[in-house]
Amino acid sequence: MLESKSTVFLVAGVGFFVLAFVVMGLLPWMIYMDQEEETLEDLVAKGIPHEFVELAERFPEQFSRHFPNGPTPSSFGDALQLGHDIYVAEGCWHCHSQQIRPVSNEDLRWGAVSHPSEYHNVLQRPVLFGTRRVGPDLIREAARRSNDWHIAHFYEPTNVVPTSVMPNYPWFFDEDGYPNRKGMALVAYIQWLGSWLPEYPYYQGEGPAGARSREGDEAALETRRMEGS
Amino acid sequence: MTSAASGALPNEDTAIPSASDLVIRRLVLWHFVAALTFVFVAMLAGLLFSFQLIQIYPFPGMEAFSPGRWRMVHTNGVAYGFIANAFLGALHWAVPRLTLRRVLSVKLSYFIFFAWQGVLLATVIGLLTGYAQAVEWGETPIFVDPVALLGLILVAINFLTPILKAKGPMYVTLWYFISAFVWTVMVYAMGSYVPEFFVGGTASGAIIGLFIHDLVGLFVTPIGWGLMYYFVPIILKKPIWSHGLSLVGFWGLAFFYPLNGIHHFLYSPIPMFLQYGAVISTIAVELVVTTVIINFFGTLRHRGDALRTNLPIRWFYLGMVFYFTTCLQCAFQVTLTFQRIIHFSDWVVGHSHLVMFGVFGFWILGFMTYLIPRLLNSAGWYRPSWNAWHFWLTGLGMLVMFFDLVIAGLIQGFMWKELAPWEATLTASAPFWLVRLFTGIAIVVGQLFFFANILMTAIHKRSIEPAPTPAGGELEGPSVVTA
Amino acid sequence: MVRQEDNRPAMSSPEGRSRTKTWVIWVVAMAILIPAGLGFVDKLVQFFRTVQSDSEGAFAIMPILNYLIIAAGMVCLLVWAIAHGMFRDVEGPKYTMLEREAQLDRDDPLAWSQQA
């Protein structure tokens with residue numbers, strides 16, 4: 001029986017694969033099954049980061065051309081989706097991870113250790129954990145640097161960081177050198193990463209456009225902890 | 001001692017079909033040429049990326065030449081262009097000869113050949129125009145996935161038919177092939193669809209880990225080892241040391257290998273007890289690997305001179321040494337202690353280069369060295385010395401690249417842990433990336449020797465020498481490199 | 001299976017093994033096995049302590065039990081197969097394969113592998 005072809009086909013081929021799929025794939029899925037995946041609307045409803053509003057103030061003419069509705073939740077949703085798609089298409093995730101591990105002093109360098117609940121949203125489908133860090137991790141990038149820094153960096157990274165090995169992305173800019181729709185969307189996406197965390201507003205001393213307070217954030221984190229356990 | 005031709009075959013349909021009836025030689029050659037074309041493109045893509053890493057990118061700011069996109073061409077080109085094509089070619093050679101039956105349909109084989117090249121071209125164009133899917137090594141655009149999957153199913157049907165029809169106890173190669181055909185289809189379907197459409201978030205990380213791992217472990221590894229179990233005995237004219245042990249290796253691989261997926265995301269938000277499970281079964285795989293290695297070196301016993309005289313055997317066994325190296329490395333790097341430092345660093349890049357090219361790439365180049373003159377109807381290579389250049393440039397390039405990246409990875413990992421500024425880690429990596437560029441160039445030049453040799457062999461076919469020199473004398477022959 | 005006896009590899013005779021060689025093997029084996037065994041026992045004790053002490057520690061048993069149960073199942077299957085004589089000619093296919101290859105190559109003038 002062990003030498004028959006159907007055994008090899010069924011036990012080794014199908015059986016062991018399904019076993020591995022159950023143990024390594026379905027088990028983690030079942031553990032998180034009760035948590036609802038957040039839609040784009042859910043994400044936007046948590047508040048629009050200050051940086052998105054600032055983009056509109058900094059480049060009023062270009063912004064209104066690319067996002068005619070102004071810095072509203074619907075524009076922000078569009079920007080997040082487009083920014084995420086560019087992040088995937090350009091292969092950003094091959095050189096930048098999106099997870100903080102509890103080891104190697106990563107929490108000191110970037111901030112709070114990643115929590116599973118942070119990944120239960122449409123923009124992490126498939127998840128963008130990453131496997132290599134040529135550049136730094138980005139999941140705590142929100143408000144760490146200014147919009148201007150990111151825009152200059154995308155145009156030519158070595159202008160901002162001389163040792164950078166990141167490529168130039170001139171196709172994120174229009175003929176006049178202003179960020180185009182892609183550029184603004186990607187900056188909005190990067191500046192959103194980690195903006196859901198309580199420590200976010202204190203990086204720069206002012207909160208996001210939505211009403212958020214330190215007390216509210218701490219309560220939010222507490223709820224997240226309770227849900228996550 | 002090894003002439004086995006005299007025994008009549010029992011319990012067969014008596015007459016052995018002629019080899020030219022069984023094997024579609026032209027298709028084997030076409031697949032090999034396609035594989036070499038794609039490996040060249042993939043290597044140029046890798047070179048482009050390594051130029052970016054030392055800040056002298058030749059095409060800065062050109063959208064279609066964005067290094068980020070060409071990186072995906074590099075990995076996908078190697079996996080689906082080089083390895084898949086070369087394996088398809090070798091399967092078209094090995095399966096009919098092992099089963100004494102033709103593939104299900106010759107027309108289907110030709111169709112698969114053209115369809116697969118179409119899939120590859122669509123993938124390259126899709127990646128370069130910005131339609132990647134966020135699954136590492138499965139970046140193939142979503143609209144290409146169904147076609148590729150259909151192709152894989154057709155491949156499975158085409159080859160499974162002769163295997164399942166063949167009578168008598170099966171040789172270990174066919175065990176590997178049967179399960180590999182099933183696995184490849186399922187792995188590809190899982191990686192392309194589950195994380196994108198069914199499971200999101202942290203759990204999709206587990207699936208992606210499983211996919212990255214199974215693509216190497218359940219598609220490349222079983223077909224690669226299956227081909228080794230075929231080519232090594234027929235070239236050495238000596239049976240494998242222990243067929244029983246090889247079956248132990250098969251069942252061990254089949255059982256433990258798929259259970260490793262999550263080890264690619266240790267310390268991630270995936271539940272810790274699952275990570276422990278992946279670590280345990282990874283270490284179990286290393287024991288299995290050891291049995292396979294013992295088996296092959298047992299086969300080489302008393303025939304060690306073949307390493308000096310026979311180039312394909314040298315490719316194969318260098319690949320096996322590298323295989324054992326990567327697996328040993330894997331047993332350590334999968335532990336949580338190592339993961340703290342080496343995860344996200346160039347160590348992993350060195351590891352994956354050694355596995356995909358240093359092991360499977362070398363095996364492929366080895367059986368190509370063995371088969372191509374025969375496929376070209378030439379009695380030998382145009383210049384065996386060019387093949388020696390090919391071997392040494394590629395082998396040394398790979399070896400230096402591996403050590404270079406492993407050391408770079410350790411330096412990066414410890415600097416990150418010591419909270420060095422990010423820019424400082426880039427400065428520290430720069431010399432290693434420069435060395436890596438030169439090793440890459442050495443490997444590309446090595447392939448150029450091979451391509452030139454194939455071309456010249458096709459043009460100047462060597463005629464068949466009437467009487468082969470008896471064994472023991474100086475070995476004449478295409479696969480032979482005189483020292 | 002019709003097969004010539006000389007296809008079989010010659011078994012190396014144990015007589016050639018000298019007394020020193022045996023001693024060296026024993027010493028090396030002990031040098032490896034004793035520390036490894038101690039390490040294993042130590043880890044086993046640690047494992048049981050973790051499982052007993054911590055309510056979450058019991059969680060660690062799950063994957064290990066999974067693997068053990070499945071492995072035990074495989075072993076039973078194997079024993080059953082051996083008992084029913086399913087491995088009588090395990091080594092056969094490797095000779096058949098070489099014989100077939102030789103026959104296929106017989107009419108092929110390009111099969112230089114014949115010479116080696």
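Every chain is numbered from 1 and lettered A, B, ... according to where its sequence line falls, protein lines coming before strand lines. Remember, it's a predicted structure, so these values are computed and weren't measured experimentally. All values below come from the heavy atoms of this structure, side chains included, with hydrogens, waters and symmetry mates left out.
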Under 4.5 Å from a heavy atom of chain C, the part of [X] involved:
X: B:Leu174; result: neither
X: B:Tyr229; result: backbone
X: B:Thr173; result: neither

State, to 0.1 Å, how close [X] and [Y] come at their nearest heavy-atom pair, and which atoms those are.
X: C:Tyr95; Y: B:Pro239; result: CE2-CG, 3.7 Å
X: B:His243; Y: C:Pro93; result: CE1-CG, 3.7 Å
X: C:Met97; Y: B:Ile234; result: CE-CG2, 3.8 Å
X: C:Leu104; Y: B:Ala19; result: O-CB, 3.6 Å

Point-to-point distance, once rounded to the nearest 0.5 Å, from OH of B:Tyr171 to CG of C:Leu98: 7.0 Å
Inter-residue atom distance B:Ser246.OG - C:Glu91.CD, 0.5 Å rounding: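 Output value for this atom pair is 7.5 Å.
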Taking the side chain as everything from C-beta on, heavy atoms only, tell me whether B:Pro233 gets closer than 4.5 Å to C:Lys94.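 Side-chain contact under 4.5 Å: no.
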Any heavy-atom pair between the side chains of B:Arg97 and C:Glu101 that's under 4.5 Å? yes
Set out, in order, the CA-CA distance, both residues' side-chain angles and the distance that settles side chain to side chain contact (heavy atoms under 4.5 Å, CB included) for B:Leu100 and C:Arg100, then state yes or no. CA-CA 8 Å; B:Leu100 299 181; C:Arg100 282 182 182 178; 3.5 Å; yes
What pairs with B:Ala284 under side chain to side chain contact (heavy atoms under 4.5 Å, CB included), at least two apart in sequence or on another chain?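 In terms of side chain to side chain contact (heavy atoms under 4.5 Å, CB included), with neighbours along the sequence ignored, B:Ala284 is linked to B:Phe256.
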NZ/NE/NH1/NH2 to OD/OE distance under 4.0 Å, C:Asp105 and B:Lys237: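 So C:Asp105 does not pair with B:Lys237 through a salt bridge.
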Can you name the residues that form a salt bridge (charged side-chain N to carboxylate O under 4.0 Å, His left out) with B:Arg25, not counting sequence neighbours?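 Expected list: C:Asp108.
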